[in-house]
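Data block below; observations after.
Letters A, B, ... mirror the listed sequences (proteins, then strands); counts begin at 1.
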Amino acid sequence: MAQQSASVQLLEKIVSLAKRRGFVFQSSEIYGGLNGCWDYGPLGVEMLRNVKEAWWRAMTSRSDIEGLDASILMHPKVWEASGHVQNFSDPMVDCKSCKARFRLDHLFSEMSEKKFNNILKFLLSDIRLTSLSPDDLAPISLFTVDPLLFDHAKQVDYLSQLMDQKPEIFDLIVTDDLVNCPNCGTKKSLTSPRNFNLMFETYIGPVKEAGNEIYLRPETAQGIFVNVLNVMQASRQKLPFGIAQIGKAFRNEINTKNFLFRTREFEQMEMQFFVKEGTDEKFYEEWRDRRFAWWQAIGIPKERLHLKPHEKLAHYAKAAIDIEFEFPFGFGEIEGIHNRTNFDLTRHEEFSGKSLSVHDEEKKEKKVPFVIETSAGASRGFMALLCNGYEEEKVGDEVRTVMRLHPAIAPVKAAILPLVNKDGMQEISEKLEQDLRGSMKTFYDDSGAVGRRYRRQDEIGTPFGVTIDSDTLNDQTVTIRERDSMQQIRLPIDNVKGYLLERIGFPV
RNA sequence: GCGGGAGUAACUCAGUUGGUAGAGUGCAACCUUGCCAAGGUUGAUGUCGCGGGUUCGAAUCCCGUCUCCCGCUCCA
């Protein structure tokens, strides 16, 4: 077997630690697991809650952002309006010979121009194409007649759409040898285009029958859009203002991958900021910078973050940029900032028949607001923080595994440790732990050597160790040992709570 | 979905031509220790991923299947 790369080993170490120490378990493990699904264990759930809490505070501590928690199941028309029914599915074809699978539009965009043009000619001339109307063919003939209108990408899109709707046309092209498998080159081996819908479908009500299909939301944003006027009126907000929401979303990915990074069920932290048209670009830049700074505030160094603008924009977006984190497998998106324009609200107006425009007092007109979206992955952010924090550090001749988490993010804030188990040190420690417990997540441990206990805490990212020793018995002071530096300071036991609370606060 | 690798204790992994399941770490208890995982004693933990098959007998051979990792593919 080829030697595993260091990055693979690193990810496996993190996964192993996550399991061993109770951050993340595989879903349904005793049944052999479920592909791409993970459970958060005792430490993981604390940490995930901290990530979400940090985000929630950063958002809703502002006077111009309100919170919301919309339901996962929504009216099916929402997903028609959002474009997911149409765009969230890709027509795919398989090669019956080599079993490779291709997206239909990729098939067209990657073939030679000559071959592509042959297909266009075929469509315009073949008399067997009875299901194609003159309207269907008009865009193609337009492209063919006028070279100025010849836009390859547009034609590819158009052809893909056409053949998605009328797969029998694609079959004819295959039969006539106008397209073969780009992978193995076999002729007449491609299947009809089939739709792969990435939305999870289920049924509302106990009876599974046509007409009551419903989707699990593939993104949380739409719950915000359909509620924009409710929130605005209830909270008496004016433009510009935002709505923040944290919740699960579901995508039936073809492949899951890379631990928590690509899963079918994931949690988003989204804030949609509604602005007047014309101010959208300013707010887009402002939120991009603010969000980029936030990830740094919760402990990710700038060097491990990238801002990556989208080259191809989604159907709804005017501008889009990803914040990427340097995972062991490479840079991957942890948040997207999009200028969604007025696309979503306008579409919901069309599909619902209800006005979603907002009255502008200054201009005396009603207009549909523009939307700047910040959409962060809670699960991905969680994983990024684990990967970022994990470090094997040389201390003397030994290796110390330490999880460098921001104190606000760390699942356990302080470990309370009697240096040894005698002279009443345990009793004092237990009393201190009781006292701190109401204010922060603590852990009491009196087993084995103190060094071992420190190291155990290092591995789960506990930022502080409070040790009760023989001096405590005389002068009521304790030592506080800091995780990253391993340095200790001495404090009166009565000041411990105040000191810790100050250090573990959430960044704003 | 295709191809490659893997799955044995909580973790990392041994396990010979098929013959009663192993190590290290960890965990628990007690002792020792008195500030950075290394001392002593004792102890617990296994559907050998799952399901079939071959066999007197399967962790081991065969078939199927699930999961994880890698590469394609996919990721509006």
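Remark: G43(B) base-pairs with C27(B). Criterion, Watson-Crick or G-U wobble with two distances under 3.5 Å. When Watson-Crick and G-U wobble pairs are counted only if both distances are under 3.5 Å, G19(B) pairs with C56(B). Searching all strands for a Watson-Crick or G-U wobble partner of U33(B) with both distances below 3.5 Å returns nothing. Across all strands shown, the partner of U67(B) is A6(B), judged by Watson-Crick or G-U wobble contacts whose two distances both fall under 3.5 Å.
For the C1' atoms, the distance linking G19(B) with G15(B) amounts to 14 Å, nearest Å. Atom C1' of G51(B) sits at a distance of 43 Å from the matching atom of A37(B), rounded to the whole Å. When the C1' atom is compared between C27(B) and C63(B), the two are found 39 Å apart, to the nearest whole Å. Rounded to a whole angstrom, the distance from the P atom of A21(B) to that of U45(B) is 15 Å. As rounded to the nearest Å, U12(B) and U32(B) have C1' atoms that lie 29 Å from one another.
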N/O contacts under 3.5 Å, protein versus nucleotides 42-49 of chain B?
| from | atom 1 | to | atom 2 | distance (Å) |
| --- | --- | --- | --- | --- |
| U47(B) | O4 | Ile30(A) | O | 2.8 |

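Between C30(B) and Asn421(A), no contact under 4.0 Å exists linking OP1 or OP2 to a side-chain N or O. Residue Arg452(A) places no side-chain N or O under 4.0 Å from the OP1 or OP2 atom of A37(B). The phosphate of C69(B) (OP1 or OP2) has no side-chain N or O of Asn258(A) nearer than 4.0 angstrom. In terms of phosphate contacts, Lys13(A) brings no side-chain nitrogen or oxygen within less than 4.0 Å of OP1 or OP2 of C11(B). Close to C74(B), at under 4.0 Å from its OP1 or OP2, lies no side-chain N or O of Lys257(A). Put simply, Arg251(A) has no side-chain N or O that comes within less than 4.0 Å of OP1 or OP2 on C74(B).
Not a single side-chain hydrogen bond (donor to acceptor under 3.5 Å, both in side chains) links Asn258(A) to another residue, sequence neighbours left out. The side-chain hydrogen bond (donor to acceptor under 3.5 Å, both in side chains) check on Asn339(A) picks up Asp280(A), with sequence neighbours excluded.
Residue-environment remark: CD (Glu502(A)) stays at or below the threshold of 12 foreign heavy atoms within 6.0 Å. Few gaps surround CZ on Arg21(A); more than 12 heavy atoms of other groups in view lie less than 6.0 Å from it. Around atom NZ of Lys52(A), more than 12 heavy atoms belonging to other residues, nucleotides or ligands sit under 6.0 Å away.
When only modelled atom types and interatomic distance are considered, Gln222(A) and His348(A) share a side-chain donor-acceptor pair under 3.5 Å. Tyr215(A) and Glu213(A) form no side-chain donor-acceptor contact under 3.5 Å, judged by distance and modelled atom types alone.
Checking C36(B), A37(B), C68(B) against every side-chain atom of Gln26(A), the shortest atom distance belongs to C68(B). Residue Glu12(A) has its side chain nearest to C69(B) when only C11(B), C68(B), C69(B) are considered.
Here Arg490(A) pairs with Asp469(A) in a salt bridge; the nearest charged N to carboxylate O distance falls below 4.0 Å. Classification of Glu373(A) and Arg340(A) as a salt-bridged pair holds, one side-chain N sitting under 4.0 Å from a carboxylate O.
Between Phe273(A) and Phe283(A), the ring planes are tilted. Angles from 30° to 60° get that label. Aromatic ring orientation, Phe327(A) versus Phe325(A): perpendicular (interplanar angle above 60°, classes split at 30° and 60°). In this structure, Phe382(A) and Tyr40(A) have perpendicular ring planes: the angle between them is above 60°, well past the 30° mark.
Comparing Met425(A) and Asn35(A), the nucleotide of RNA chain B nearest to each residue sits closer to the 5' end for Met425(A).
Evaluation of atom-type donor-acceptor distances gives a pair under 3.5 Å for the side chain of Gln488(A) against the base of C35(B). Looking at Glu219(A), its side chain comes within 3.5 Å of the base of A76(B) through a donor and an acceptor atom.
When every heavy atom of Thr401(A) is checked against every heavy atom of Glu392(A), the shortest pair comes out as OG1-CG, 4.1 Å.
If you check residues 474-484 of chain A against RNA chain B, the residues with a heavy atom closer than 4.0 Å are Thr479(A), Arg481(A), listed by number. If you check residues 331-345 of chain A against RNA chain B, you find no residue with a heavy atom closer than 4.0 Å. Within residues 460-469 of chain A, the residues that have a heavy atom under 4.0 Å from RNA chain B are, in order of number, Thr467(A), Asp469(A).
Looking at heavy-atom distances under 4.0 Å, Asp471(A) makes no contact with the nucleic acid at all.
Considering only heavy atoms from C-beta on, Asp458(A) stays 4.5 Å or farther from Met403(A) through its side chain.
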